[in-house]
Amino acid sequence: MTKTTRYLLYMLIAIVVGTFLYITYCSECGAVATVTEPTTEKVIIKEPSATSYPFAIDGNGFAYNTNDNYNFNVSSHNILMPLGAELTQGISGLQNHLEINDSNVINITGYYTSEEENNTAFPNLGLARANSIKNDLASKGISTAQINTMGKLMDEMIPKDGTYWGAATFGIVEKSATAEDDLKALYEKINADPLILYFNSAEASISLDATQRQKVADISRYLDKVAGATTNVVGHTDATGQASTNMRLGKERAEFAKSYLMKNGIAADKIIVSSKGQSQPIATNATEEGRVKNRRTVITLN
């Protein structure tokens with residue numbers, strides 16, 4: 001073997017060995033560049049489960065629990081009928097208990113959410129719902145004097161198919177020791193600052209602000225608690241037109257107010273309507289501002 005041949009052989013061996021070591025110990029050698037397409041995962045948002053509150057009472061010697069309860073559509077204070085059989089059975093037991101234990105009262109707390117519309121005469125839809133339940137209990141023989149109503153904001157309440165299931169809770173407590181004094185103070189408060197509804201000329205429509213809604217709630221509470229109590233609804237007009245026509249218009253406005261109160265749960269036999277027409281102005285009829293004040297319906301307690 002010639003010297004040149006030997007030299008070429010050594011070079012070939014060096015190239016082979018170098019290539020082997022390079023491929024073996026270099027992590028990126030021989031790698032083929034690949035492009036990975038980004039994957040898109042579908043995000044599924046799970047709808048929250050509808051809430052359901054049971055008719056559950058446990059206190060002062062009475063206990064009853066059922067998943068049945070009073071149900072309401074969204075933004076409505078009207079009870080969905082018919083009631084379930086188990087709920088009806090529980091109400092019957094409650095009626096018997098309260099009849100025997102006249103020092104007990106049932107507290108009803110109606111629920112509502114901030115997303116609902118309140119088209120009632122009450123300060124909030126929860127109180128309006130509690131008032132509807134009160135009227136249903138009264139129709140089943142429970143005295144309204146033994147029923148307290150309240151409203152509670154419950155934004156965690158979730159409807160199912162447009163319905164809130166069990167939008168109220170209940171509890172039995174002893175009657176307040178100051179109940180009689182509280183009612184006397186309420187009577188004086190209502191008559192000292194009565195509910196006054198104002199009407200546009202020749203029209204009869206009602207739109208209440210927050211203060212007026214609270215007055216309706218106070219009147220309703222008093223009528224519930226005091227046996228034989230009634231409310232006076234007196235219509236007044238301005239002096240535009242004939243006196244006889246205004247007397248009739250005042251009566252129509254009083255009747256309209258009565259109908260409005262009845263729709264909001266105040267019994268017809270507790271509402272006495274009358275008209276004073278244009279005979280009792282509280283401001284001058286010479287200006288539009290004064291006439292607006294005279295076109296009113298005043299609601300007080302007897």
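Reckoned from all heavy atoms, side chains included, excluding hydrogens, waters and symmetry mates.
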Stepwise side-chain contact (heavy atoms from CB on, under 4.5 Å) test for Thr113 and Met154: CA-CA 5 Å; Thr113 69; Met154 189 72 90; 5.5 Å; no
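Annotation for Ala254 and Val234: closest pair CB-C, 4.5 Å, computed over non-hydrogen atoms. The shortest non-hydrogen separation linking Asn78 to Phe72 is O-CD2, 3.4 Å. Minimum heavy-atom separation, Ser75 to Leu125: CA-CD2, 3.6 Å. Shortest non-hydrogen contact noted between Ala130 and Gly110 is CB-N, 3.8 Å. Closest approach of Thr109 and Lys152 over heavy atoms only: CG2-CB, 3.6 Å. Minimum heavy-atom separation, Ala121 to Leu208: CB-CD1, 3.9 Å.
Listed for the Asn285 side chain is a donor-acceptor partner under 3.5 Å among the backbone atoms of Ala239. Formation of a donor-acceptor pair under 3.5 Å by the Asn118 side chain with backbone atoms of Thr120 is found in this model. Between the side chain of Gln212 and the backbone N or O of Asp209 there is at least one donor-acceptor pair closer than 3.5 Å. Under the 3.5 Å distance criterion, the side-chain polar atoms of Asn107 are left unmatched by any main-chain donor or acceptor of Ile172. A donor-acceptor contact shorter than 3.5 Å links the side chain of Ser132 to the backbone of Ala128. Distance alone, capped at 3.5 Å, is enough to place a donor-acceptor pair between the Lys225 side chain and the Ile147 backbone. Formation of a donor-acceptor pair under 3.5 Å by the Asp155 side chain with backbone atoms of Ser114 is found in this model. Checked by atom type and distance alone, the side chain of Asn232 never pairs as donor or acceptor with a backbone atom of Ile299 at under 3.5 Å. Within the 3.5 Å criterion, the main-chain N or O of Asp181 finds no donor-acceptor partner in the side chain of Thr178. No donor-acceptor distance shorter than 3.5 angstrom exists from the side chain of Asn67 to the backbone of Pro54, with no hydrogens or angles considered.
Residues Arg213 and Val216 have side chains not in contact (no heavy-atom distance under 4.5 Å, counting atoms from C-beta outward). For the pair Ile190/Ile219, a side-chain contact is recorded, criterion being any heavy-atom separation below 4.5 Å from C-beta on. Between Phe256 and Leu197 there is no side-chain heavy-atom pair separated by less than 4.5 Å. Considering only heavy atoms from C-beta on, Ile158 stays 4.5 Å or farther from Ser49 through its side chain. Residues Leu261 and Val233 meet the side-chain proximity criterion, which asks for heavy atoms closer than 4.5 Å. At least one side-chain heavy atom of Met262 sits less than 4.5 Å from a side-chain heavy atom of Ile271. Between Val105 and Val173 there is a side-chain heavy-atom pair separated by less than 4.5 Å. Contact check for Val74 versus Tyr164: side-chain heavy atoms found under the 4.5 Å cut-off.
No option in Asp238, Thr240, Thr237 other than Asp238 meets the side chain to side chain donor-acceptor pair (under 3.5 Å) test with Arg295. Each of Lys258, Arg253, His236 was compared with Thr297 under the side-chain contact (heavy atoms from CB on, under 4.5 Å) criterion, and only Arg253 meets it. Checked options Asn60, Asn148, Leu94; the residue passing with Ile106 is Leu94 (criterion: side-chain contact (heavy atoms from CB on, under 4.5 Å)).
In this structure, the separation between CG on Asp218 and CG on Leu223 is 11.0 Å, given to the nearest 0.5 Å. For the atom pair Asn135 CG and Ser220 OG, the distance stands at 7.5 Å (nearest 0.5 Å). Atom CD of Gln278 is separated from atom CG of Asn246 by 4.5 Å, given to the nearest 0.5 angstrom. How far OG1 of Thr66 is from CD of Glu86: 3.5 Å, rounded to the nearest 0.5 Å. Note that CD of Gln95 is 9.5 Å distant from CD of Gln146, once rounded to the nearest 0.5 Å. Taking CG from Asn101 and CG from Asn96, the interatomic distance works out to 10.5 Å, rounded to the nearest 0.5 Å.
The environment of CD in Glu188 is crowded: more than 12 heavy-atom neighbours from other residues, nucleotides or ligands sit within 6.0 Å. The neighbour count for Glu115 CD, taken as heavy atoms of other residues, nucleotides or ligands under 6.0 Å away, does not exceed 12. The 12-atom threshold is not exceeded at CD of Glu180, counting heavy atoms of other residues, nucleotides or ligands nearer than 6.0 Å.
Residues Asn302 and Thr230 bring a donor and an acceptor atom of their side chains to less than 3.5 Å of each other. A donor and an acceptor atom, one from each side chain of Asn73 and Thr163, are located under 3.5 Å apart. Asn264 and Asn131 share no donor-acceptor pair across their side chains, judged by distance under 3.5 Å alone.
Clustering ILVMFWY residues whenever any of their side-chain heavy atoms sit less than 4.5 angstrom apart, transitively, puts Val298 in a cluster other than the one holding Val292. Cluster annotation: Leu186 is connected to Leu301 through the hydrophobic network of ILVMFWY side chains, with a link wherever side-chain heavy atoms come within less than 4.5 Å. Both Ile133 and Ile57 are assigned to one and the same hydrophobic cluster, defined by single-linkage of ILVMFWY side chains at heavy-atom distances under 4.5 Å. Tracing side-chain contacts under 4.5 Å through hydrophobic residues (I, L, V, M, F, W, Y), one never reaches Trp165 starting from Met81; they form parts of separate clusters. Clustering ILVMFWY residues whenever any of their side-chain heavy atoms sit less than 4.5 angstrom apart, transitively, puts Ile266 in the very cluster that holds Tyr187.
For residues 125-144, the salt bridge (Lys or Arg N to Asp or Glu O under 4.0 Å) pairs, not counting sequence neighbours, are Glu116-Arg129, Lys134-Asp224, Asp136-Lys140. Identified under the ring pair (Phe, Tyr, Trp, His ring centres under 6.0 Å) test for residues 280-301, with sequence neighbours left out: none. Among residue pairs with one or both ends in residues 85-124, those qualifying as ring pair (Phe, Tyr, Trp, His ring centres under 6.0 Å) are Tyr53-Tyr111, Phe62-His97; sequence neighbours excluded.
Ring planes of Phe55 and Tyr64: perpendicular class, angle over 60° (limits at 30 and 60°).
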